[in-house]
There are 2 protein chains.
Amino acid sequence: MSKKVSQAVIKRLPRYYRYLESLQQAGVAKVSSGKLADMLDITASQVRQDFCNFGGFGQQGYGYDVTKLLNELASIMGLDEMHNMIVIGAGNIGRALAGYKGFSNEGFKVKALFDIKTDGGGVGEVPLLSMDELEDYVAKNKVDVGVITTQANVAHDVANSLIAAGVCNLWNFAPIDLDVPKHVTVENISMSESLYVLSYNIKRKQKNIKKIDKD
Amino acid sequence: MSKKVSQAVIKRLPRYYRYLESLQQAGVAKVSSGKLADMLDITASQVRQDFCNFGGFGQQGYGYDVTKLLNELASIMGLDEMHNMIVIGAGNIGRALAGYKGFSNEGFKVKALFDIKTDGGGVGEVPLLSMDELEDYVAKNKVDVGVITTQANVAHDVANSLIAAGVCNLWNFAPIDLDVPKHVTVENISMSESLYVLSYNIKRKQKNIKKIDKD
């Protein structure tokens with residue numbers, strides 16, 4: 001369990017979890033590595049390798065017990081614990097995240113929203129606090145994740161403030177790569193990169209259509 | 001230009017673009033493949049290979065002209081065109097996206113918001129329309145991208161409605177893998193998967209701390 005697990009494997013765990021949940025809901029008790037492999041578009045050998053990182057989970061040929069596997073994965077991913085988040089940046093996205101109820105399914109809860117200006121007020125039960133209160137808030141409350149939903153040009157300062165206050169896990173929505181110390185984890189939601197990829201695909205399709213028109 | 005470019009290369013284009021923008025803003029005129037490689041954490045040879053997919057861009061040893069490269073990338077990615085989006089699902093995230101001004105920098109604009117219930121009203125200039133009006137709206141207006149911000153359990157139906165209406169590019173925020181025809185492009189924003197990865201990392205850090213305590 002102590003060996004280093006690759007980021008690629010870690011990123012597949014949520015997908016295993018999601019598929020197993022749908023199998024459980026459909027009343028399926030056992031699942032083969034081949035079936036899981038099909039669902040994730042990888043090989044059965046890759047599935048078995050992935051699970052070996054965590055000590056196995058089942059015997060080859062008999063299939064995995066769906067409920068047992070779900071529980072194991074939940075424990076490995078820490079989904080059996082509740083994590084507290086604070087959101088920095090009370091714009092549209094920040095306020096939407098503060099008001100979003102869906103995170104509790106994943107074991108996350110937004111506890112406070114921070115911004116330079118606090119005249120907009122909080123979102124439901126989530127208070128809007130001033131950035132001046134950040135350090136004190138983090139000292140007095142359990143904060144597992146700092147969510148950055150500011151403009152790109154201040155995102156680095158915000159990250160530094162969070163790290164200085166003692167927050168070691170950042171969820172970054174700003175379109176910038178954050179340069180952080182080794183003990184800090186950053187997960188990026190890159191909306192603008194995703195839009196660029198869409199834009200590229202739209203352009204490519206237009207070209208193909210023009211090509212067909214010419215032929 | 002007509003050969004198939006890999007998804008990995010396409011996903012790197014926005015990152016090249018972003019770094020080149022920051023270089024241009026800093027007044028840098030020329031950049032080497034080595035410098036770009038450092039910024040993207042890949043090799044210089046990979047950078048030259050990537051650019052070869054699009055016919056080069058510059059001479060090895062002389063470096064690339066930053067402004068010229070930016071313009072070339074913008075054209076390849078279709079950033080010189082405006083794309084219209086419609087958002088399906090008027091919850092917190094859907095309304096935030098409808099009200100977000102930042103997309104115009106990437107050449108995207110939300111034109112309408114759709115939901116089953118329309119009693120909430122629109123967001124700023126973006127009207128909230130009924131799902132019953134979707135087909136007619138897409139027939140009468142240029143819609144480049146359909147954004148899905150519904151719950152997972154209806155996301156597939158929404159995707160099918162969009163595709164049936166003639167929308168070929170989907171931006172999916174629902175925590176589900178959409179199964180779509182070959183001509184349809186899907187870009188996923190996987191917030192729940194991102195949270196699971198954070199959760200895993202928090203758990204791993206807790207374990208390390210406990211291990212240190214025991215030693």
Side-chain angles (χ1 to χ4, degrees), chain A residues 1-2 5 7 10-11 13-15 17-18 39 75-79 81 83 91-103 105-108 144-145 151 168-171 175-177 183 185 187-207 211, chain B residues 1-2 5 7 10-11 13-15 17-18 75-79 81 83 91-103 105-108 123 144-145 151 168-171 175-177 183 185 187-207 211:
Chain A
M1 288 293 278
S2 60
V5 179
Q7 280 299 311
I10 296 166
K11 282 190 189 299
L13 293 179
R15 301 187 58 210
Y17 190 80
R18 202 204 287 165
M39 286 173 136
S75 165
I76 286 163
M77 292 194 288
L79 301 185
E81 290 165 33
H83 304 294
N92 284 311
I93 302 293
R95 300 187 75 86
L97 295 179
Y100 187 58
K101 307 278 178 236
F103 295 142
N105 298 333
E106 277 96 33
F108 287 82
D144 299 298
V145 179
Q151 305 272 335
C168 318
N169 302 286
L170 305 180
W171 201 22
I176 189 170
D177 283 347
H183 72 281
T185 303
E187 260 293 299
N188 293 300
I189 296 285
S190 303
M191 290 203 286
S192 64
E193 289 187 16
S194 190
L195 282 179
Y196 287 151
V197 173
L198 273 175
S199 180
Y200 174 87
N201 282 304
I202 293 166
K203 182 94 178 189
R204 187 177 54 81
K205 282 178 194 169
Q206 285 168 348
K207 268 196 190 148
K211 205 167 157 275
Chain B
M1 289 291 279
S2 60
V5 179
Q7 281 297 312
I10 296 165
K11 283 191 187 297
L13 293 179
R15 302 189 57 209
Y17 189 81
R18 201 204 287 165
S75 164
I76 287 165
M77 292 194 287
L79 301 184
E81 289 164 35
H83 303 294
N92 284 310
I93 302 292
R95 299 188 75 87
L97 295 178
Y100 187 59
K101 306 278 177 236
F103 295 141
N105 298 331
E106 278 96 34
F108 286 82
V123 177
D144 300 297
V145 179
Q151 305 271 334
C168 317
N169 303 286
L170 305 181
W171 201 22
I176 190 168
D177 284 347
H183 72 280
T185 303
E187 260 293 299
N188 293 300
I189 296 284
S190 303
M191 291 203 286
S192 65
E193 289 186 16
S194 190
L195 281 179
Y196 287 151
V197 172
L198 274 175
S199 181
Y200 175 86
N201 282 304
I202 294 167
K203 182 91 177 192
R204 188 177 53 83
K205 282 178 194 169
Q206 286 169 346
K207 266 195 193 151
K211 203 167 157 274

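Within every chain, numbering begins at 1; the chains are lettered A, B, ... in the order of the sequence lines, protein sequences first and strands thereafter. None of the values given here were measured: they were computed from a predicted structure.
The minimum heavy-atom distance linking A/E187 with B/V197 is given by the pair OE2-CG1, 3.4 Å. Scanning all heavy atoms of the two residues, the minimum distance from A/S194 to B/N188 falls at OG-O, 4.4 Å. The nearest pair of heavy atoms linking A/L198 to B/L170 is CD2-O, 3.9 Å.
Interface residue B/Y100: backbone and side-chain heavy atoms are both found under 4.5 Å from chain A. Of the two parts of B/I93, the backbone and the side chain both hold a non-hydrogen atom closer than 4.5 Å to a non-hydrogen atom of chain A. With a 4.5 Å cut-off on non-hydrogen atoms, B/Q151 does not touch chain A at all. Looking at A/I189, only its side chain comes within 4.5 Å of chain B, counting heavy atoms on both sides.
To the nearest 0.5 Å, atom CE of residue A/M191 and atom CZ of residue B/F103 are 4.5 Å apart. Taken from NZ in A/K11 to CD in B/E193, the straight-line distance is 9.0 Å, to the nearest 0.5 Å. Note that the CG atom of A/N92 and the NZ atom of B/K101 stand 7.5 Å from one another [nearest 0.5 Å]. A distance of 10.0 Å separates CG of A/D144 from NZ of B/K205, quoted to the nearest 0.5 Å. We find the CG-CZ distance between B/D177 and A/R15 to be 5.0 Å, quoted to the nearest 0.5 Å.
Between B/S199 and A/F108, the closest side-chain pair of non-hydrogen atoms falls below 4.5 Å. Between B/L195 and A/H83, the closest side-chain pair of non-hydrogen atoms is not below 4.5 Å. Considering only heavy atoms from C-beta on, A/I202 comes within 4.5 Å of B/V145 through its side chain.
With hydrogens and angles disregarded, no donor-acceptor distance shorter than 3.5 Å links the side chain of B/K203 to the backbone of A/I76.
Annotation: maximal heavy-atom pairing with chain A below 4.5 Å, among B/G99, B/A98, B/A96, B/G91, occurs at B/A96.
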